[in-house]
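Reading through the structure tokens given below for one structure.
In what follows, chains are A, B, ... by sequence order, proteins preceding strands, each numbered from 1.
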Amino acid sequence: MTLTLRSAYRVPVILAVLVLAPMAGLLSLGQLPGFEPQDLQFWQSAYIRRVIFFSLWQALLSALFSVIPAILVARAFALNGNFRFRSLLLRLFGLPLVVPSVVAVLGIVSVYGSNGWLPLGRSLYGINGILLAHVFFNLPLAVRLLLPIWQAIPRHYWQLGEQMGFSKWHRWRYLEWPALKEGLPGVLLLVFMLCLTSFAVVLTLGGGPKSTTLEVAIYQSLRFDFDPAQAVMLALLQLSLCVLVAVVMLRFQRLPEVEISTSSPASKSESYRSLLNWVVILFAGIYVGLPLASLLIDGLSGPLGGVVSNIYLWQSAGNTLMLGLGAATLSVIAGWFLLRGSSELANLGQFRRAQLVELCGSVIYVVPPLVIGTGIFVLLSPYVDVFEWVYPVVVLVNAMMGLPFVIRTLSPAMRQNQMRYQFLCQSLALSGWNRFRIVDWPLLRRPVGLSAALVAALAMGDLGVIALFGTPDTATLPLLIYQQMGAYLIPQATVTALVLLGLCLLVFWGLERSIGGKTDA
Amino acid sequence: MLEIEKLRYQFPGDKPETMQFDLSVAAGEVLSLIGPSGAGKSTLLNLIAGFLRPESGRIHVNGEAIEHKPASQRPVTIVFQQHNLLPHLDLYTNVALGVSPSLKLSPGQRQVIKDALDTLGLTGFENRKPGELSGGQRQRVALARALVRDRKVLLLDEAFASLGPALREELIALVKALVQRKQMAALLVSHQPGDALIASDRTAFVHDGRIIALQPTRQLLQKPDLAEVRCYLGTL
């Protein structure tokens with residue numbers, strides 16, 4: 001018994017070391033070259049004050065512009081019931097989760113850039129572009145988070161409302177708003193946090209020091225100013241902001257689950273349908289679909305031959321693939337053992353500890369990857385050439401970033417399995433390999449496949465730590481795209497983005513199918 | 001044959017409650033346990049099965065102490081109300097798991113499984129998945145597995161609760177016959193006092209973690225002398 005207990009803490013301890021060691025690296029600030037005590041008085045630097053203000057400001061606007069329209073869209077989806085392209089549209093809204101941010105950025109550029117369908121010209125680069133991209137990612141996410149709130153309103157409430165002659169306003173006031181109010185702060189804060197730590201979008205669309213966030217400033221001080229002391233200070237600032245948001249978020253913990261099934265509530269009568277809702281759905285669909293469609297058209301009519309014959313493209317594609325598969329493997333294995341440990345603790349009635357173990361896996365939500373990257377950089381650079389360790393470092397950080405997704409996907413299924421079959425397994429002496437082979441694997445391979453696919457796609461599309469450490473040899477496709485954009489080779493970058501998108505979708509589909517297996521009753 | 005002496009268990013949680021049980025079941029007997037929910041009926045079964053660890057006390061089967069053995073090595077087999085079967089395995093494999101958790105079967109063992117399926121009227125259904133069976137058939141499969149495990153003690157934790165009255169009666173009769181033939185000791189937890197009437201000569205009433213009455217079933221249900229029992233039955 002003590003043995004299983006100790007093993008329950010194994011993964012959390014490894015994770016803690018992985019997170020805390022870079023932190024310790026950060027705190028060794030005093031010994032860094034170029035450190036002056038007055039560096040700590042960041043509020044005296046106009047540059048840093050501006051960076052902090054802009055980080056918060058763009059995150060606030062992004063959150064509001066994503067979540068408020070998302071309320072209308074989710075409501076429209078809920079009230080208009082089942083219609084022809086409903087599940088297709090909801091699947092489209094699931095895409096931004098796996099579309100790499102650089103790819104989406106190029107999609108945005110191809111719609112709103114100077115040669116696009118709705119040109120904004122130079123004003124795209126800056127707050128406008130950042131907001132357009134953040135809304136592209138987070139509006140669909142918010143819709144998928146908010147939609148279940150409507151679906152959870154019991155059907156009898158609607159029927160009672162009808163019987164009592166509720167108007168639209170009454171329905172909103174008595175049925176919809178009270179349900180929404182519970183989940184809304186959590187969704188707003190989540191989107192705020194995601195935008196606060198957003199890196200690739202700001203890096204590519206920020207367009208200069210005027211619109212730089214902490215995350216990008218960290219990168220610039222490491223990569224261009226060679227000023228580790230400033231990077232560390234910025235990283236600590238960023239970390240404190242994130243912890244602050246996370247603490248507020250814990251107060252509104254009731255984050256609704258992402259809708260898994262795309263089926264509509266069978267209950268809603270058609271009388272709630274309205275023209276306005278159709279318009280809302282149409283606009284949201286166009287907003288999300290347009291950048292992807294435009295990217296596809298631009299990419300296919302772009303300099304295909306030139307890009308495809310470039311040896312760097314294939315080298316980067318290989319690196320990308322290795323990164324995706326490596327991170328997925330590591331993340332799923334870590335997640336599996338973490339959840340195993342947590343459910344064993346839960347079985348012993350130690351629910352608090354079980355929850356704590358599970359929380360460890362989500363800690364990366366609070367610690368931005370670039371902060372960990374900076375820590376590793378500071379920690380390793382006195383001893384080794386950091387640029388020779390790119391692959392393991394990038395795989396490790398991406399696996400950690402994927403862990404919250406693994407836990408979210410795997411945890412409910414694993415808990416249910418444990419609840420249903422633990423006694424049966426005990427009484428039939430099913431343990432170890434036999435239990436894995438006969439009970440756990442067949443029943444859990446679908447969520448395992450899905451989480452592996454998610455982590456792989458996220459890692460392959462990540463432009464974060466790789467931007468910090470990447471060299472021409474170790475570049476992944478997102479880094480190549482960023483370099484092409486930096487050289488104003490937008491058509492080439494667009495084609496590369498298409499290759500990346502294809503690779504991501506292929507790996508996602510392949511992993512989900514091969515690991516997940518065929519649908520089992 | 002099954003002897004339980006001063007078996008104590010501390011229920012974990014915010015308000016700890018100590019349960020203590022004394023009970024003995026003879027070979028060939030099906031003893032019923034009734035009582036309000038939360039009284040400790042399922043806890044008692046989980047203690048006997050080895051899913052929970054008692055604080056102190058003895059569990060003897062045929063004179064042998066079993067309270068320190070892991071669940072799989074106890075001479076005990078249990079049938080739950082649901083989730084007895086793994087949904088992705090066919091009926092035959094589900095029963096075979098009772099013989100060998102690694103599913104390596106000798107010809108002799110195959111014959112044992114075949115006989116058990118035959119006894120429970122499941123011949124011909126071997127390749128069906130649990131999802132394709134009715135609730136009654138699923139519980140028959142669970143009983144078939146209990147049979148192939150060939151243990152001395154049979155625990156039924158509301159095993160028939162989700163079935164209709166006729167089916168319940170039929171399966172209880174089947175269990176009674178099997179228990180008698182194999183000379184097992186069986187405990188039946190049920191929410192339907194009617195089940196106890198069919199199944200058991202003796203019935204125990206569990207209240208607040210104790211067995212406060214152990215009487216002939218008819219007397220307990222039809223002429224209850226304890227206020228707690230009358231309150232539970234609604235005849236107060």
#### Entry: B/Arg140 (side chain) donor-acceptor with B/Leu122 (main chain) under 3.5 angstrom
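No; zero donor-acceptor contacts below 3.5 Å.
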### Query
Distance-only, no hydrogens or angles: does the B/Asn94 side chain make a donor-acceptor pair with backbone N or O of B/Leu89 under 3.5 Å?
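At least one qualifying donor-acceptor pair exists.
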### Query
Does the pair A/Ser343 and A/Gln422 meet the rule for a side-chain contact (heavy atoms from CB on, under 4.5 Å), with working shown?
CA-CA 10 Å; A/Ser343 68; A/Gln422 56 162 331; over 6 Å; no
Cut-off 3.5 Å, no hydrogens considered: what does the side-chain donor-acceptor table look like for residues 28-35 of chain B, sequence neighbours left out?
unit_1  : atom_1 : unit_2   : atom_2 : d
B/Glu29 : OE1    : B/Ala26  : N      : 3.0
B/Glu29 : OE1    : B/Arg202 : NH2    : 3.1
B/Glu29 : OE2    : B/Arg202 : NE     : 2.8
B/Glu29 : OE2    : B/Arg202 : NH2    : 3.4
B/Ser32 : OG     : B/Ser200 : OG     : 2.7

Tell me, side chain or backbone of [X] under 4.5 Å from chain A's heavy atoms, or both, or neither?
X	answer
B/Leu155	neither
B/Arg151	neither
B/Arg74	neither
B/Leu52	neither

### Task
Measure the shortest side-chain to side-chain distance between B/Asp22 and B/Gln20 over non-hydrogen atoms and say whether it is less than 4.5 angstrom.
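Counting from C-beta outward, B/Asp22 and B/Gln20 do come under 4.5 Å.
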### Task
Could you tell me which residues satisfy salt bridge (Lys or Arg N to Asp or Glu O under 4.0 Å) with B/Glu158, sequence neighbours excluded, listed by chain and number?
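With sequence neighbours excluded, B/Glu158 shows a salt bridge (Lys or Arg N to Asp or Glu O under 4.0 Å) to no residue whatsoever.
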### Message
Which atoms of A/Arg435 are under 4.5 Å from chain B, going by heavy atoms: the side chain, the backbone, both sets, or neither?
### Response
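For A/Arg435, neither part sits under 4.5 Å from chain B.
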### Query
Tell me, side chain or backbone of A/Tyr421 under 4.5 Å from chain B's heavy atoms, or both, or neither?
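When you check distances to chain B, only side chain atoms of A/Tyr421 fall under 4.5 Å.
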### Query
Under a 4.5 Å heavy-atom cutoff, which of B/Arg149, B/Glu132, B/Gln73, B/Gln82 has the most pairs with chain A?
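Highest number of heavy-atom pairs under 4.5 Å: B/Arg149.
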